[in-house]
Amino acid sequence: CWSEPILSSDSRVLGTFAVYFSVPRDLGADDDKLLRTAANLAALAIHSKRTEQTLRESEARFRLLFERNPAPMLVYERASLRLLAVNEAFLRQYGYSREEALVLLLPDLYPEPEKAAIVALIPQLHGHAYVGEWHHRRKDGTLINIVAYSHDIDLEGRDARIAVLHDITQRKQAEDALRQSELRYRTLLETAPFPVVITRLRDGILRYGNRRAEAQFGIKREQGIGQPASDFYLDPADRDRFLERLLRETTVTDEALRLRAADGAPFWAQLSAAIIEFEGEPAIFTSINDISARKQAEDEVRQLNIVLEQRVAERTAQLQAVNKELETFAYSVSHDLKAPLRGIDGYSQLLLETHAAELDEEGRTFLANIRHGARQMARLIEDLLAYSRIERRVLQTDQVDLPRLLQTTIAERAEEIAARGVTMKVDIPPQAVTADRDGLAMALRNLLDNALKFTRDALHPAIEIGIRREAHSCILWV
């Protein structure tokens with residue numbers, strides 16, 4: 001038996017090649033050479049077989065990964081651009097059957113405006129490459145947005161490229177919607193009738209200002225952006241307090257502060273602010289309302305109020321002086337009038353008592369009228385004195401029996417009422433009220449005296465007194 005080990009390219013033993021003879025013989029030089037050649041051929045055969053098996057297994061794994069991939073995939077021939085393979089995800093996404101897809105050229109998937117660009121790009125693609133964002137047309141004609149990656153591949157001896165396609169239609173729609181939304185909001189900000197600025201929260205640097213902000217602060221936005229917001233506060237400490245409140249409450253509304261324009265001119269502003277996200281980080285959105293005119297008007301009103309208060313104080317002092325003089329006058333007049341009245345009343349009474357027999361009925365009536373007039377004049381003098389003191393007296397509120405007080409007031413004028421034939425109609429039910437007794441009595445006497453005065457020339461004089469109850473008060477009328 002002659003034998004030779006079968007070795008791999010890395011000298012690993014794959015097996016043994018042996019030749020058996022029925023009759024023993026010696027191994028010659030030619031025999032040894034032939035044996036070695038046979039062993040080498042066996043090694044090559046084994047290696048080829050194993051390589052073929054490995055290739056089949058690799059192709060099977062590739063096909064499995066290709067078909068099962070959730071993203072649409074395709075393979076196209078570089079020379080003809082014909083599709084050589086597509087996976088199940090491609091068929092579902094694009095709506096083709098496999099037979100329909102494999103008769104397409106790669107540019108058939110692109111809308112007309114993009115076909116020339118993709119054809120020009122394909123020769124430049126080598127190795128793993130980012131193909132870019134494109135539009136693809138599905139079988140039903142609808143367009144989708146895709147992003148593609150591709151790399152070289154040898155498919156059954158053909159120079160080809162395999163591509164992975166990601167549908168980004170929803171992302172692009174969201175981006176478009178976001179851009180439209182940003183455009184709308186930017187348009188609103190630019191056309192807003194009040195200044196708007198946006199500053200970074202972390203360092204207070206100005207990042208945006210609308211056209212009204214340019215006009216308000218007297219600076220172009222290109223010059224203002226990048227400057228600290230504190231530069232535009234008349235007192236930078238005001239901004240620190242404003243920021244502290246904003247961080248504590250997250251929003252601030254109608255905070256009145258003094259700002260200054262680029263040239264240093266101060267003005268009053270009403271600020272409203274909120275924390276938002278801008279340029280990918282927290283920022284402060286601030287709207288500004290120039291209230292300088294309002295503040296000036298408020299200052300003018302305050303000055304006017306001071307002047308008015310001074311004038312009121314002066315007028316009050318003058319009025320108090322006049323009232324003092326009036327009080328003095330009232331006391332003087334009442335004193336001067338009371339003495340003659342007492343004389344008239346006293347002598348009239350004395351005349352009635354001592355010379356009544358010498359007087360006829362008409363004379364006695366005249367004396368009685370003289371005494372009645374004197375007493376009425378005395379009451380008027382007392383009312384005048386009470387009126388002069390009413391502004392200085394303290395109100396003494398108490399429960400007052402209104403019908404009884406009214407009866408007393410009418411009784412004081414009973415003689416005049418009877419003498420003039422005045423008909424009195426009083427409709428006052430039992431009613432107690434809380435009032436200042438003396439003040440109410442004076443008001444009732446004045447009302448009744450006025451009624452008697454203005455019915456003097458009436459043919460059939462009548463005075464009616466009534467009351468109307470309200471929820472928390474009573475209204476008396478004559």
Side-chain angles (χ1 to χ4, degrees), residues 55-56 58-191 277-280:
L55 183 60
R56 281 198 298 271
S58 177
E59 289 179 350
R61 287 195 299 272
F62 168 77
R63 186 164 295 279
L64 181 63
L65 291 174
F66 181 79
E67 289 295 336
R68 299 281 181 87
N69 197 308
M73 298 181 68
L74 59 83
V75 179
Y76 65 91
E77 189 177 30
R78 291 184 69 102
S80 65
L81 301 182
R82 187 169 64 86
L83 299 189
L84 302 178
V86 294
N87 68 352
E88 290 293 335
F90 177 91
L91 299 178
R92 288 194 303 271
Q93 177 70 25
Y94 287 78
Y96 291 103
S97 67
R98 194 175 300 274
E99 293 75 15
E100 292 171 333
L102 295 181
V103 298
L104 297 174
L105 299 179
L106 182 63
D108 294 336
L109 299 175
Y110 292 79
E112 198 63 36
E114 298 180 12
K115 286 184 177 181
I118 192 62
V119 171
L121 178 63
I122 287 174
Q124 305 173 30
L125 300 176
H126 300 283
H128 186 273
Y130 169 69
V131 184
E133 294 184 7
W134 301 84
H135 290 91
H136 272 188
R137 191 181 300 279
R138 298 193 295 190
K139 180 182 177 180
D140 61 6
T142 58
L143 290 176
I144 60 173
N145 298 89
I146 62 101
V147 60
Y149 299 86
S150 69
H151 62 84
D152 296 322
I153 187 175
D154 182 283
L155 183 64
E156 299 175 352
R158 297 178 179 179
D159 184 16
R161 286 186 70 81
I162 183 170
V164 181
L165 313 173
H166 297 284
D167 185 352
I168 59 170
T169 303
Q170 290 185 349
R171 191 192 79 189
K172 297 295 287 187
Q173 290 174 347
E175 290 175 353
D176 290 342
L178 181 60
R179 279 193 295 271
Q180 291 297 323
S181 177
E182 290 178 348
L183 179 60
R184 286 195 298 271
Y185 282 115
R186 185 171 291 272
T187 301
L188 287 174
L189 290 178
E190 286 299 317
T191 57
E277 183 173 328
F278 185 75
E279 296 178 342

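- Proximity of a side-chain donor or acceptor of Arg161 to a complementary backbone N or O of His128 within less than 3.5 Å is not detected.
- Atom CD of Gln170 sits in a sparse spot, with 12 or fewer heavy atoms from other residues, nucleotides or ligands closer than 6.0 Å.
- Within the structure, the ring pair (Phe, Tyr, Trp, His ring centres under 6.0 Å) test picks out the following pairs touching residues 104-127 (sequence neighbours left out): Tyr110-Trp134, Tyr110-His136.
- Not a single side chain to side chain donor-acceptor pair (under 3.5 Å) links Arg137 to another residue, sequence neighbours left out.
- Taking the side chain to side chain donor-acceptor pair (under 3.5 Å) definition, one finds that Asp159 meets it with nothing, sequence neighbours left out.
- Residues meeting the salt bridge (charged side-chain N to carboxylate O under 4.0 Å, His left out) test with Lys115, sequence neighbours left out: Glu112.
- With sequence neighbours left out, the salt bridge (charged side-chain N to carboxylate O under 4.0 Å, His left out) criterion links Arg186 to no other residue.
- For the salt bridge (charged side-chain N to carboxylate O under 4.0 Å, His left out) test, no residue two or more places apart in sequence or in another chain qualifies with Asp108.
- Sorted by first and then second residue, the pairs that involve residues 68-90 and meet ring pair (Phe, Tyr, Trp, His ring centres under 6.0 Å), not counting sequence neighbours, are Phe90-Tyr94.
- The side-chain contact (heavy atoms from CB on, under 4.5 Å) check on Asp154 picks up nothing, with sequence neighbours excluded.
- Annotation: the span from Glu100 atom CD to Lys139 atom NZ amounts to 3.5 Å, rounded to 0.5 Å.
- Taking the charged nitrogens against the carboxylate oxygens, Arg98 and Glu88 do have a contact shorter than 4.0 Å, which makes a salt bridge.
- With sequence neighbours excluded, the residues satisfying side-chain contact (heavy atoms from CB on, under 4.5 Å) with Leu183 are Gln180, Thr187.
- Sorted by first and then second residue, the ring pair (Phe, Tyr, Trp, His ring centres under 6.0 Å) pairs involving residues 146-165 (not counting sequence neighbours) are Tyr130-Tyr149.
- Looking at residues two or more places apart in sequence or on another chain, you find a side-chain contact (heavy atoms from CB on, under 4.5 Å) between Lys172 and Glu133, Asn145, Ile168, Glu175.
- For Arg92, the salt bridge (charged side-chain N to carboxylate O under 4.0 Å, His left out) criterion is met by no residue, not counting sequence neighbours.
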